S.K.: 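Structure below; questions to follow.
Index from 1, following the sequence. These numbers come from the heavy atoms of this one structure, side chains and all, not from hydrogens, waters or symmetry mates. As the structure is a computational prediction, the values presented were derived from the model and not from experiment.
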Amino acid sequence: MEQKIHQGRNVKRFREMLGIKQEALAFDLGEDWNQKKISLLEQKDVVEEALLKRISEVLKIPVEAFQNFDEEQAINIISNTFNDQSNGYNYYPTFNVNPIEKWIEALEEIKRLNAELLKTKDEQIRLMEKLIQDK
């Protein structure tokens, strides 16, 4: 007897095993997503391939895992997600990053880019002043 694969439920299983809330997954998928849409997605038998690929990137789980979920296989995939460091300590990545931390990172990047733009603008002004003086 062949068991039917329920891709939405598989997304839910992996998300839960990784300790990621629906809200956090929605945030990582982009502004078109919210908790309710994730809940509806997790009820679908079949999830569009492009969306599965995006979820795969966010959760760092191979697309095939959602398409061919098997309890034993899932445990192997999850355990392989964690990197064993050469010093013997296990590294457990943070999957559920606080949205505020993401905003702070984005603001810091914007600040850095603004500083670069100001520097470029200052250089252009200096060049124009030099051109004017040379005339």
Side-chain angles (χ1 to χ4, degrees):
M1 181 173 105
E2 190 177 315
Q3 193 172 357
K4 190 173 189 306
I5 303 291
H6 191 292
Q7 294 177 352
R9 192 174 306 126
N10 289 345
V11 169
K12 179 178 180 175
R13 286 177 176 149
F14 279 101
R15 178 185 58 73
E16 288 176 343
M17 280 190 272
L18 293 168
I20 297 174
K21 294 185 180 293
Q22 287 180 331
E23 294 87 351
L25 178 56
F27 181 84
D28 286 341
L29 288 175
E31 60 186 44
D32 293 342
W33 287 89
N34 57 40
Q35 180 273 324
K36 185 170 177 56
K37 275 183 80 172
I38 296 296
S39 181
L40 293 171
L41 165 87
E42 291 176 350
Q43 295 172 34
K44 293 172 84 175
D45 284 345
V46 178
V47 178
E48 302 78 42
E49 182 118 15
L51 179 54
L52 268 186
K53 188 174 186 313
R54 179 71 185 112
I55 294 168
S56 160
E57 292 165 359
V58 169
L59 298 182
K60 295 176 178 42
I61 300 284
V63 173
E64 297 77 25
F66 302 116
Q67 296 167 329
N68 311 305
F69 184 83
D70 170 286
E71 288 288 335
E72 192 175 316
Q73 205 176 29
I75 291 165
N76 289 335
I77 290 167
I78 294 294
S79 63
N80 290 337
T81 301
F82 301 118
N83 300 323
D84 187 25
Q85 302 296 305
S86 57
N87 62 9
Y89 292 103
N90 285 326
Y91 170 68
Y92 297 96
T94 303
F95 293 104
N96 200 358
V97 177
N98 186 333
I100 292 171
E101 289 174 24
K102 286 194 174 195
W103 275 104
I104 290 169
E105 286 174 16
L107 288 173
E108 286 173 356
E109 179 65 10
I110 290 168
K111 219 161 80 172
R112 187 188 66 75
L113 291 171
N114 279 339
E116 282 181 32
L117 285 171
L118 284 173
K119 186 179 171 186
T120 303
K121 183 191 83 163
D122 290 345
E123 287 172 13
Q124 287 176 342
I125 290 171
R126 275 193 292 279
L127 284 171
M128 284 182 197
E129 286 172 346
K130 187 174 180 344
L131 283 171
I132 291 170
Q133 286 172 356
D134 290 346
K135 282 193 170 190

S.K.: Please name the pair of heavy atoms, one in L25 and one in I20, separated by the smallest distance, quoted to 0.1 Å.
M.R.: N-CG2, 3.9 Å
S.K.: With rounding to the nearest 0.5 Å, note down the distance linking CD in Q124 to NZ in K119.
M.R.: 13.0 Å
S.K.: Measure the CG-CG distance between L41 and L29 for me, rounded to the nearest 0.5 Å.
M.R.: 8.0 Å
S.K.: Side chains of V11 and I38: does their closest heavy-atom pair fall under 4.5 Å?
M.R.: no
S.K.: Does this structure show an ion pair linking R54 with E57, if we count only N-O contacts that are shorter than 4.0 Å?
M.R.: yes
S.K.: Once rounded to the nearest 0.5 Å, what's the spacing between atom CG of L59 and atom CG of L52?
M.R.: 10.5 Å
S.K.: Taking all atoms of both residues into account, what is the closest heavy-atom pair of N10 and F66, and its distance?
M.R.: ND2-O, 2.8 Å
S.K.: Treating T120 as the side-chain partner and E116 as the backbone partner, does any N or O pair qualify as donor plus acceptor under 3.5 Å?
M.R.: yes
S.K.: Please report the shortest heavy-atom distance between S56 and I61, naming the atom on each side.
M.R.: OG-O, 2.6 Å
S.K.: Should the pair K130-D134 be classified as a salt bridge under the 4.0 Å nitrogen-to-oxygen rule?
M.R.: yes
S.K.: Which side chain to side chain donor-acceptor pair (under 3.5 Å) pairs, counting each pair once, include a residue from residues 34-51, with sequence neighbours left out?
M.R.: H6-D45, R15-E42, Q22-Q35, Q22-E42, K44-E48
S.K.: Roughly how far apart are I55 CD1 and K53 NZ, rounded to 0.5 Å?
M.R.: 12.5 Å
S.K.: Quick one: CG on D28 to CH2 on W33, what's the gap to the nearest 0.5 Å?
M.R.: 12.5 Å
S.K.: Has Q7 got a side-chain atom pairing as donor or acceptor with V47's backbone, closer than 3.5 angstrom?
M.R.: yes
S.K.: What residues form a side chain to side chain contact (heavy atoms under 4.5 Å, CB included) with L117, not counting sequence neighbours?
M.R.: N114
